[in-house]
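Computed from a prediction, not measured in an experiment: that's the story for all the values here. Below, chains carry the letters A, B, ... as their sequence lines are ordered, and counting in each starts from 1.
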Amino acid sequence: MLDPRLLRNNLDNIAALLERRGFKLDKARILSLETRRKELQVQAQELQSERNSRSKSIGKAKAAGEDIQPLLAEVADLGDKLKQQQEALNEVQAELRDITLVIPNIPHDSVPDGKSEDDNREERRWGEPPAFDFEPKDHVDLGEAKGLMDFDAASKLTGSRFVTLQGPLARLQRALAQFMLDTHTDEHGYTETYVPFLVNRDSLRGTGQLPKFEEDLFALKGEHQYYLIPTAEVPVTNLVRDVIIDDKEMPRRWVAQTPCFRSEAGSYGRDTRGIIRQHQFEKIEMVQIVRASDSYDALEALTGHAEAILQKLGLPYRVVTLCTGDIGFSSAKTYDLEVWLPGQGKYREISSCSNFEDFQARRLQARWRNPKTGKPELAHTVNGSGLAVGRTLVAVMENYQDQDGNITVPEVLRPYMGGLEVI
RNA sequence: GGAGAGGUGGCAGAGCGGUUGAAUGCACCGGUCUUGAAAACCGGCGUGGGUUUGUAGCCCACCCAGGGUUCGAAUCCCUGCCUCUCCGCCA
């Protein structure tokens with residue numbers, strides 16, 4: 001959510017900045033609602049003020065044993081007037097809130113203009129795509145040939161976009177997750193955290209999934225309006241909802257492994273083969289709650305933490321800055337890490353690292369107390385995948401395959417695989 | 001699942017429907033005293049919003065949340081959420 005005051009006072013400015021990402025702000029509507037809001041709110045508060053002082057004098061008169069009947073008569077219609085005014089105000093405020101809740105974040109200056117992913121800016125590459133002297137297979141062929149990956153079984157159990165893994169491949173996924181968690185906690189200063197996989201609507205509103213992206217979520221039936229988390233970002237970031245963090249506790253750095261559930265509405269026909277796009281996948285998520293002045297440094301550092309995993313695994317990748325047309329709703333700036341997949345012969349997203357500035361924090365009321373002023377200030381939230389485990393599994397399988405369809409276990413994972421060197 | 005108790009400021013803990021945004025204690029910040037510290041004493045100490053050029057002033061709201069009764073609600077009523085205790089069940 002953008003600062004309502006900023007929206008009010010710099011409407012033209014904001015509109016221009018949002019236009020960069022292809023969002024058209026309905027300035028006229030906001031302006032008229034805002035004018036009306038101001039008028040109604042001032043009047044409503046004046047009425048409240050009057051009610052308060054009159055009620056007070058009635059109380060005094062009563063205490064003094066005076067006849068309060070005439071006083072009561074004076075305020076007879078005040079309640080109704082107030083109620084009407086209040087209702088009108090509530091309506092306008094609700095309308096304004098509905099509008100502001102679906103306004104995306106303002107892209108950072110350093111974000112390149114563009115319409116689609118084709119306009120993203122490549123920042124750097126690491127590693128060389130492996131040169132095979134045979135035709136490399138994709139992870140589906142590799143996994144199915146060994147009987148370690150079964151899509152038919154999963155679709156029997158549930159439906160499309162699910163998979164079952166067996167034996168060493170299942171263990172390889174677990175190994176990857178543990179390796180990532182250990183690296184982030186031991187080397188990058190994150191605190192491991194375990195969180196619910198079901199969250200309520202308030203949490204989803206806080207991080208920006210609601211109200212706009214309801215169709216992307218799996219919701220539970222029943223008494224509670226609970227949703228399966230689409231990413232650990234939701235429960236982990238919401239840890240600081242309605243919290244004023246002590247300066248000594250800043251910054252907060254959390255890492256969590258969770259399954260993620262996404263309906264993938266609107267992506268029918270895309271990535272239908274393999275486990276690139278599943279309704280359920282494991283992800284390691286890094287979340288940082290930082291001071292406003294530190295968030296862009298934090299974004300660089302966090303992106304580096306995700307890169308470190310790829311480097312340790314020896315997986316070639318590139319880093320791109322998402323352009324204004326491709327950036328997520330809540331994000332001010334996003335780096336995508338794209339790993340080389342020999343099976344597809346291209347780089348594919350394996351991590352997304354974003355600075356949300358105070359966009360989420362404002363919705364969350366996540367603040368820290370600035371010791372210089374003694375006042376609470378909105379924090380900045382920064383997060384990124386470190387990494388998407390399922391896609392990392394794909395990358396390891398495809399990059400470490402040999403002519404016979406065997407997969408060499410990367411050095412750093414062997415301790416997690418009981419010393420196994422080849423699958 | 002059954003029975004009961006309760007949710008008030010950072011914490012503890014008062015609060016007859018009226019002048020209570022809220023006593024008191026602790027914690028915290030500033031000051032006096034002291035060689036220094038402690039103690040003692042004095043003062044300060046919530047959050048959000050509106051108005052405004054304004055971090056000045058004024059005003060509004062907030063005692064779990066949402067409704068309601070009333071001229072007036074932390075205090076009464078309803079609903080929800082959460083916590084605790086006991087019994088039952090259970091990974």
Side-chain angles (χ1 to χ4, degrees), chain A residues 1-11 13 30-31 33-97 99-101 194-206 210 220 222-227 235 238-250 292-293 358 360-379:
Chain A
M1 194 165 78
L2 300 179
D3 185 352
R5 261 178 281 202
L6 206 62
L7 205 59
R8 211 177 284 161
N9 300 329
N10 293 356
L11 191 57
N13 242 329
I30 292 175
L31 214 57
L33 280 171
E34 181 52 37
T35 310
R36 183 137 175 73
R37 186 231 95 219
K38 185 166 170 173
E39 188 186 329
L40 287 170
Q41 187 163 0
V42 170
Q43 288 171 7
Q45 291 191 353
E46 273 169 7
L47 281 172
Q48 283 177 313
S49 185
E50 187 182 343
R51 179 206 58 195
N52 289 348
S53 61
R54 289 206 183 244
S55 292
K56 226 171 233 186
S57 42
I58 291 174
K60 280 184 190 169
K62 202 178 176 189
E66 295 166 21
D67 179 16
I68 59 170
Q69 275 315 119
L71 289 172
L72 286 181
E74 278 177 43
V75 295
D77 63 330
L78 200 61
D80 285 341
K81 263 163 72 183
L82 188 65
K83 200 166 187 176
Q84 274 179 24
Q85 195 74 22
Q86 201 71 262
E87 274 164 13
L89 175 62
N90 286 346
E91 248 173 68
V92 172
Q93 282 185 322
E95 249 183 282
L96 269 168
R97 198 195 50 237
I99 290 175
T100 53
L101 275 176
Y194 174 82
V195 289
F197 304 155
L198 299 177
V199 293
N200 57 34
R201 293 182 62 87
D202 286 342
S203 293
L204 289 158
R205 198 174 301 115
L210 290 181
L220 261 60
E223 281 184 53
H224 298 286
Q225 280 204 316
Y226 289 163
Y227 294 78
N238 272 277
L239 287 171
V240 294
R241 169 149 53 91
D242 295 320
V243 172
I244 300 175
I245 306 167
D246 193 284
D247 184 58
K248 294 184 193 76
E249 307 279 316
M250 292 286 280
S293 55
D358 62 14
Q360 290 182 328
R362 183 169 294 105
R363 291 171 167 239
L364 292 162
Q365 282 303 299
R367 294 164 291 168
W368 68 290
R369 194 175 296 279
N370 187 337
K372 284 193 181 124
T373 60
K375 292 291 171 198
E377 295 177 13
L378 288 173

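When all heavy atoms of A/L89 and A/A44 are compared, the pair lying nearest together is CD2-CB, 4.1 Å.
The aromatic rings of A/H224 and A/Y226 sit parallel to each other, their planes meeting at less than 30°, with 60° as the upper class boundary.
Across the strands present, B/rC71 finds its partner in B/rG18; the criterion is a Watson-Crick or G-U wobble pair with both atom distances under 3.5 angstrom. B/rA40 is paired with B/rU32 under the criterion used here, namely a Watson-Crick or G-U wobble arrangement in which both key atom distances are under 3.5 Å. In this entry B/rA27 has no Watson-Crick or G-U wobble partner, no candidate having both defining distances under 3.5 Å. Pairing for B/rG48 is with B/rC60, a Watson-Crick or G-U wobble pair whose two hydrogen-bonding atom distances lie under 3.5 Å. Base pairing of B/rA5 is made with B/rU83, judged by Watson-Crick or G-U wobble geometry with both donor-acceptor distances under 3.5 Å. Using N1 to N3 plus N6-O4 or O6-N4 for Watson-Crick, or N1-O2 and O6-N3 for G-U wobble, each under 3.5 Å, B/rG66 pairs with B/rC78.
Protein atom CG of A/L40 is 12 Å distant from nucleotide atom P of B/rU51, rounded to whole Å. Taking atom CG on A/L89 and atom P on B/rU51, their separation rounds to 11 Å, with Å as the unit.
Between A/V75 and A/E50 the shortest side-chain heavy-atom distance does not fall below 4.5 Å. Between A/Q41 and A/Q93, some side-chain heavy-atom pair lies under the 4.5 Å cut-off.
The nucleotide whose nearest atom lies closest to any side-chain atom of A/V42 is, among B/rG50, B/rU52, B/rC81, B/rG50.
Checking side-chain atoms of A/S49 against main-chain N and O of A/Q45 turns up no donor-acceptor pair under 3.5 Å. In this structure, A/D80 contributes its side chain and A/K83 its backbone to no donor-acceptor pair below 3.5 Å. The backbone N or O of A/R5 sits less than 3.5 Å from a side-chain atom of A/N9, completing a donor-acceptor pair.
A/R37 comes within 4.0 angstrom of sugar-phosphate atoms only, judged by non-hydrogen atoms across all strands, and of no base.
Comparing A/E34 and A/A63, the nucleotide of RNA chain B nearest to each residue sits closer to the 5' end for A/A63. Looking at which nucleotide of RNA chain B each of A/G374 and A/K38 is closest to, the 5′-most match is held by A/G374.
More than 12 heavy-atom neighbours from other residues, nucleotides or ligands sit within 6.0 angstrom of CZ on A/R205.
Residue A/R369 places no side-chain N or O under 4.0 Å from the OP1 or OP2 atom of B/rG46.
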Please list every donor-acceptor pair under 3.5 Å in which a side-chain atom of residues 62-72 of chain A meets a protein atom from a residue at least two apart or in another chain.
{"residue": "A/D67", "atom": "OD1", "partner": "A/Q69", "partner atom": "N", "Å": "3.1"}

Across nucleotides 59-75 of chain B, 5' to 3', mark each nucleotide with B, S or - according to how protein heavy atoms within less than 4.0 Å reach it.
BSS---------BS---

Nucleotide N/O to protein N/O under 3.5 Å, stretch nucleotides 54-56 of chain B:
none

